[in-house]
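For the numbers below, each heavy atom of this structure counts, side chains included, while hydrogens, waters and symmetry mates do not. Whatever order the structure lists them in is the order used to number ligands and atoms, beginning at 1.
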Amino acid sequence: MTKLKKQFKAESKKLLDMMINSIYTNKEIFLRELISNASDAIDKLYYRSLTDKKVSVNKDELEIRVSIDKENRTLTISDNGIGMTEEELEENLGTIAKSGSELFKQNNDKEKDISIIGQFGVGFYSSFMVSDKVEVTSKSIDSEKSYKWVSTGVSGYTIEEAEKKNNGTEIVLYLKKSTDENNYEEFLEEYNIEMLIRKYSDYIHYPIKMLIEKTEKKDDKEEKVSEDKTLNSMIPIWKKNTNEVKEEEYNDFYTDKFYDYEKPIKVIRSNVEGRCSYTSLLFIPSHAPFDYYSKEYEKGLQLYSKGVLIMDKCSELLPDYFSFVKGLVDSEDISLNVSRETLQENYQIELIEKSLETKIKKELENMLKENREDYEKFFKDFGMQLKYGVYSSYGNKKDVLGDLLLFTSSKDKKYTTLKEYVERMKENQSTIYYACGESIDKIDLLPQVESVKEKDYEILYLTDYMDEFVFKTMMEYDGKNFMNVSDEKMDLDSEEEKEELKKNNEKNSKLFDEMKSYLKENVSSVRFTHKLKNHPVCLTSKGEVSTEMEKVLNSMPNNMNNVKAETILEINENHPISKKLEELYKEKNKEELEKYTKILYQEARLIEGLPIENPTELTNLVCELISK
Ligand code: ADP
């Protein structure tokens with residue numbers, strides 16, 4: 001076979017170049033990355049043996065090895081895992097991991113690059129931070145032949161046939177020459193390697209062995225003997241006593257295992273004994289992954305049975321509304337042979353899911369109580385998922401989720417919970433008031449909002465398209481109904497004021513009928529109101545669909561047949577315009593009345609942020625009136 005030099009893919013080249021010239025001081029993490037890959041490769045082999053009868057493994061022989069050759073200045077890391085075929089070598093080492101490349105594509109900031117290397121890892125290529133040349137020899141369990149991949153950096157790589165007998169991968173690093181700033185010699189010292197493995201890879205559940213030379217005295221003669229030493233304790237981090245694990249270790253474990261470059265906002269550990277006993281280690285990320293709100297995002301926890309990984313993303317362990325949670329569950333009560341197909345009916349999995357749901361909810365509540373700042377940060381990124389949980393469960397989950405929701409309040413333009421809102425409610429107030437719109441500023445400009453605020457009632461600003469649907473599905477909170485300030489039923493008048501308005505509306509009913517006839521099906525009625533302090537006009541909605549919901553529903557791809565909110569055109573009784581309308585009607589000036597009505601209606605739509613059906617007609621009418 002000829003050795004053909006091949007080129008790296010563009011993104012890989014960029015990353016590789018960065019690694020080679022890295023000014024990142026924590027270069028030692030390359031070892032953690034290679035050992036983590038080796039461990040994954042053994043996991044994959046083990047995993048295969050569970051479902052593929054042709055593959056058998058002897059559990060006791062699975063191992064990772066590290067060896068040092070001081071003379072040749074090489075460090076070798078090998079495993080007896082699943083190995084790579086020729087194509088896989090090409091595919092996996094010629095292109096960087098997808099998650100990594102996404103991160104780098106989005107980023108053009110050198111400082112941030114460094115923080116990504118440090119926290120996210122970036123895998124195999126980190127070996128180029130310490131080496132001039134890297135050789136990967138691998139034999140896949142699916143191939144008779146073995147292959148060697150060699151690269152000295154950005155110029156490319158070669159792949160040729162090799163002579164490796166057993167399955168697995170061996171990576172030889174030719175260490176760079178030491179400079180004033182960087183000492184690569186330290187990676188040739190057994191003691192240092194041992195320390196690094198303790199530090200970063202202690203929890204790896206396969207033994208990481210190194211051949212250690214010792215001098216022994218035998219019959220008064222000194223003799224050199226070598227023996228294997230296992231460098232890691234192999235106790236998974238989640239099985240260690242809580243007081244033995246530092247927060248930093250959990251954070252490192254998280255960033256390493258779950259491909260994040262930021263530490264989690266919360267670590268949740270639990271140990272449950274009962275009908276189904278399990279240990280879990282869960283993490284709440286501090287930010288939403290880039291694909292979180294897309295179809296590509298897959299929820300799920302790793303599932304282990306007695307320390308052995310049996311499923312990477314077990315989605316049945318998490319309800320959808322907590323899909324942002326990462327982590328793992330380890331249970332002795334789950335059989336090694338559990339498969340995706342049998343999971344759904346698995347009674348233990350169901351028990352674990354219920355218990356995790358309660359636990360996560362409790363931890364989020366604690367965070368809300370004890371660390372408001374963190375919780376608000378969390379909510380900014382994942383709140384939408386919680387709201388979606390209330391909505392998509394038709395309100396069944398409102399007891400679980402209702403108290404976890406935050407809304408911005410008119411009190412201080414800060415987040416509030418519904419509980420806090422209710423606690424602050426005025427004595428005579430029985431309803432939770434809210435207003436919808438694109439932004440807080442826009443909502444504040446709504447005429448209906450002003451008068452409610454003036455009467456000193458607190459309003460929740462609903463600025464997420466999902467928000468009003470959430471209130472509609474919740475129906476009530478703590479016995480209090482929700483009321484959109486744009487609802488026609490909204491009424492803060494005193495009994496006398498109500499009575500007075502009613503009389504005046506009755507008196508003018510013919511005028512309103514006339515006006516309605518010009519607007520046809522666009523409104524269900526026209527009337528005077530007191531809810532507008534200084535503003536002339538507004539649209540209120542009647543029934544289930546508000547004008548805000550109309551906007552949302554009509555912007556959906558599966559548009560539900562042009563939904564229309566049933567609206568009422570309300571005119572401020574205390575505004576001069578009401579007198580003008582009465583006059584025009586009295587004078588039987590129907591032509592003018594029609595023009596005024598149309599302008600008022602379109603104005604009300606504008607205020608609500610609804611599209612204007614005929615802008616030309618509106619502008620012509622306004623021009624005509626102002627030219628008079
Ligand atoms: P990541 O581990 O994040 O996927 P890497 O760049 O470290 O990214 O590795 C790329 C891929 O190469 C891995 O996903 C894996 O498929 C393969 N690989 C790396 N090291 C090994 C190994 N020791 N044995 C088998 N496959 C490996």
Side-chain angles (χ1 to χ4, degrees), residues 8-9 11-20 22 29-49 55 57 62-67 75-105 116-131 134-143 146-151 153 157 159 162 164 166-173 200-201 204 206 208-209 252-261 289 302 309 312-313 326:
F8 287 102
K9 301 250 164 66
E11 259 103 50
S12 312
K13 220 167 167 169
K14 183 179 167 202
L15 177 59
L16 203 55
D17 190 39
M18 242 176 57
M19 289 294 164
I20 292 167
S22 170
I29 55 129
F30 80 91
L31 190 61
R32 170 188 79 189
E33 298 296 314
L34 296 183
I35 287 179
S36 161
N37 280 351
S39 167
D40 290 348
I42 304 178
D43 274 344
K44 282 182 197 158
L45 176 69
Y46 185 76
Y47 200 37
R48 248 305 262 287
S49 75
V55 179
V57 292
L62 298 173
E63 64 179 27
I64 298 165
R65 281 193 166 270
V66 181
S67 59
L75 181 66
T76 303
I77 293 102
S78 55
D79 65 71
N80 50 7
I82 196 154
M84 285 177 272
T85 61
E86 186 183 8
E87 292 75 32
E88 283 167 339
L89 276 169
E90 169 106 45
E91 173 84 1
N92 297 338
L93 308 186
T95 334
I96 66 164
K98 202 169 156 255
S99 47
S101 67
E102 282 299 333
L103 272 175
F104 282 96
K105 250 191 259 172
I116 295 175
I117 302 176
Q119 300 180 53
F120 170 73
V122 297
F124 168 74
Y125 283 1
S126 59
S127 38
F128 284 95
M129 288 201 291
V130 297
S131 340
V134 179
E135 279 178 11
V136 182
T137 311
S138 196
K139 182 173 182 301
S140 160
I141 53 157
D142 296 313
S143 165
S146 66
Y147 294 90
K148 182 152 117 185
W149 179 101
V150 185
S151 172
Y157 58 89
I159 297 179
K164 189 177 184 321
N166 302 322
N167 62 282
T169 302
E170 182 184 272
I171 300 180
V172 184
L173 308 177
Y200 293 117
S201 313
I204 295 283
Y206 303 106
I208 305 170
K209 292 181 181 167
D252 282 345
F253 178 80
Y254 167 77
T255 48
D256 184 32
K257 280 270 167 189
F258 299 101
Y259 306 106
D260 197 348
Y261 53 90
Q302 289 189 328
L309 180 70
D312 197 32
K313 274 197 178 152
K326 305 264 183 191

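The part of Asp79 lying near ligand 1 is the side chain, judged by heavy-atom distances below 4.0 Å. Counting heavy atoms closer than 4.0 Å to ligand 1, residue Lys44 contributes side-chain atoms (C-beta onward) but none from N, CA, C or O.
In the vicinity of Tyr259, heavy-atom distances shorter than 4.0 Å reach the ligand 1 atoms 3 (O). Residue Met84 has at least one heavy-atom neighbour below 4.0 Å for each of these atoms of ligand 1: 17 (C), 18 (N), 21 (C), 25 (C), 26 (N), 27 (C).
Glu33 does not count as a contact of ligand 1, since none of its heavy atoms falls under 4.0 Å from the ligand.
In this structure Phe30 satisfies the ring pair (Phe, Tyr, Trp, His ring centres under 6.0 Å) test together with Phe187, sequence neighbours excluded. In this view, Glu135 and Tyr174 satisfy the side-chain hydrogen bond (donor to acceptor under 3.5 Å, both in side chains) rule, not counting sequence neighbours.
The line from OH of Tyr147 to NZ of Lys139 is 10.5 Å long, rounded to the nearest 0.5 Å. Rounding to the nearest 0.5 Å gives a distance of 14.0 Å between CD1 of Ile82 and OH of Tyr46. Taking OG of Ser39 as the start and NZ of Lys44 as the end, the distance is 10.5 Å to the nearest 0.5 Å.
Evaluated by nearest non-hydrogen atom to atom 10 (C) of ligand 1, the leading choice among Leu45, Asn92, Asn167 is Asn92. For atom 24 (N) of ligand 1, the choice among Ser140, Ser36, Ala38, Ala41 with the nearest heavy atom turns out to be Ala41. Taking only non-hydrogen atoms, the option from Asn37, Ile77, Ile82 nearest to atom 19 (C) of ligand 1 is Asn37.
Remark: side-chain polar atoms of Ser127 are paired, donor with acceptor, to backbone N or O of Phe124 under 3.5 angstrom. In this structure, the side chain of Thr76 does not engage the main chain of Val172 through any donor-acceptor pair within 3.5 Å.
Polar contact check, Ile171 against ligand 1: no nitrogen or oxygen pair lies under 3.5 Å apart.
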